[in-house]
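Residue numbers begin at 1 in each chain, while the letters A, B, ... track the order of the sequences.
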2 protein chains.
Amino acid sequence: MILELNFNSDEALYIQLRNQIILGIATNRFHEGDVLPSVRQLADAVGINMHTVNKAYTVLKQEGFVKVDRRKGAVIAIDANRLEAIEEMRVELKVLLAKASCRNISREEVHALIDEIYEEYGGLSQ
Amino acid sequence: MILELNFNSDEALYIQLRNQIILGIATNRFHEGDVLPSVRQLADAVGINMHTVNKAYTVLKQEGFVKVDRRKGAVIAIDANRLEAIEEMRVELKVLLAKASCRNISREEVHALIDEIYEEYGGLSQ
DNA sequence: ACTGTGTTATATCATGTGTATAACAAGTGG
DNA sequence: CCACTTGTTATACACATGATATAACACAGT
């Protein structure tokens with residue numbers, strides 16, 4: 001597990017955990033069926049409270065990235081609701097691209113940035 | 001001024017204001033040199049506190065979208081620091097695209113979404 | 001029985017958000 | 001000069017959120 005937390009960030013710890021796990025899935029370091037550490041283990045490993053990890057797992061469950069098996073713990077299980085995901089992405093992109101447009105960043109430059117980042121993400125088929 | 005606030009949103013009011021003003025610049029409804037309403041006027045118009053508007057203007061000033069003229073008030077003035085803006089965008093895109101990748105949204109679909117949104121943003125030359 | 005899961009319930013503390021009232025320095029227009 | 005509006009600052013309060021701490025519960029595995 002390579003999870004690093006920035007305690008000086010303005011981003012909540014449980015959001016950082018959530019993001020890194022999603023990053024981990026996208027970069028193929030976590031696979032469907034993999035079991036995440038228990039809330040107590042992970043909390044101990046990164047030096048934070050159990051409840052903070054639990055909140056991260058709860059969010060991941062609600063967002064459809066893990067399912068919780070009472071016996072095993074949190075298991076990677078992706079619920080690919082594409083339509084919902086695309087609409088959510090559109091909302092986030094609107095503000096992000098507005099900032100880019102104000103800064104004279106071209107459509108082509110954004111495309112190049114997308115490609116660069118997407119290179120590391122293999123899609124679920126990998 | 002077409003500024004609408006969602007009081008039920010989990011997004012802070014001053015962030016909503018900031019975003020809508022940035023959207024307004026990108027969609028060419030605000031132009032370089034335009035004067036924004038005074039903090040008291042805008043606060044009264046949308047039904048919130050003066051300090052909340054002030055905070056939005058302060059953030060916009062720090063992010064380089066407006067300059068404050070003691071005589072006029074808040075004036076649209078874009079400080080196009082491209083390098084900084086691109087790095088900021090890369091960080092935001094990483095998580096956003098990771099989610100997309102997990103949901104089996106292809107690189108091409110993201111490009112299409114970018115194009116769709118960018119159609120409304122004219123770039124600063126318009 | 002014992003341990004390790006997730007889960008739930010309180011409680012506490014710090015921080016962020018939004019409001020409220022007030023005051024200040026400075027520019028504008030009568 | 002005077003009244004008014006500008007941004008700015010300070011203080012205070014209520015409320016929600018983030019993070020911690022301690023504790024307990026139901027359930028599964030050994």
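- Using a 4.0 Å heavy-atom distance criterion, A:Gln41 is classed as a sugar-phosphate-only contact.
- In this structure, the CG atom of B:Leu42 is 12 Å from the P atom of D:dT6, given to the nearest Å.
- The distance from atom CD of A:Gln16 to atom P of D:dG18 is 13 Å, rounded to the nearest whole Å.
- In terms of the side-chain hydrogen bond (donor to acceptor under 3.5 Å, both in side chains) criterion, B:Ser38 has no residue partners (sequence neighbours excluded).
- In this structure, the CG atom of A:Leu5 is 14 Å from the C1' atom of D:dG18, given to the nearest Å.
- Taking only side-chain nitrogens and oxygens, A:Lys55 comes nearer than 4.0 Å to OP1 or OP2 of D:dG18.
- For B:Tyr57 and D:dG7, the shortest distance from a side-chain N or O to OP1 or OP2 is not below 4.0 Å.
- Both A:Leu93 and A:Ile86 sit in one connected hydrophobic cluster of ILVMFWY residues. Membership requires side-chain heavy atoms under 4.5 Å apart, directly or through other members.
- In this structure, CG in B:Asp115 is found 4.5 Å from CZ in A:Arg107, a value given to the nearest 0.5 Å.
- By the 6.0 Å contact criterion, CD on B:Glu116 is enclosed, its count of non-hydrogen atoms from other residues, nucleotides or ligands being greater than 12.
- Toward the 5' end of DNA chain D, the nearer of the two residues B:Met50 and B:Ser38, judged by each one's closest nucleotide, is B:Ser38.
- Side-chain contact between B:Glu109 and A:Arg82 is present, with heavy atoms from C-beta onward closer than 4.5 Å.
- No hydrogens or angles were tested; on distance alone, a donor-acceptor pair under 3.5 Å links the side chain of A:His51 to the base of D:dT22.
- Positionally, the nearest nucleotide of DNA chain D for A:Glu11 lies more toward the 5' end than for the other of A:Arg40 and A:Glu11.
- Here D:dG18 presents its P atom at 16 Å from CZ of A:Phe7, a figure rounded to the nearest Å.
- A:Leu13 has its CG atom 11 Å from the C1' atom of D:dT20, to the nearest Å.
- Checked against salt bridge (Lys or Arg N to Asp or Glu O under 4.0 Å), B:Glu4 has no partners two or more places apart in sequence or in another chain.
- Between B:Asn49 atom CG and D:dG7 atom C1' there is a gap of 15 Å when expressed in whole angstrom units.
- As a whole-Å value, the separation of A:Lys72 NZ from D:dT30 C1' is 18 Å.
- On the nucleic acid side, DNA chain C contacts chain B at distances under 4.0 Å to non-hydrogen atoms, with the end points of that region at C:dT17 to C:dT28.
- Atoms CG (B:Asn54) and P (D:dA10) sit 12 Å apart, rounded to a whole Å.
- The cluster map of Ile, Leu, Val, Met, Phe, Trp and Tyr, joined by side-chain heavy atoms under 4.5 Å apart, puts A:Val68 and A:Ile78 in different clusters.
- Residue contacts for B:Asp69: at a heavy-atom cut-off of 4.0 Å it reaches no nucleic acid atom on any strand shown.
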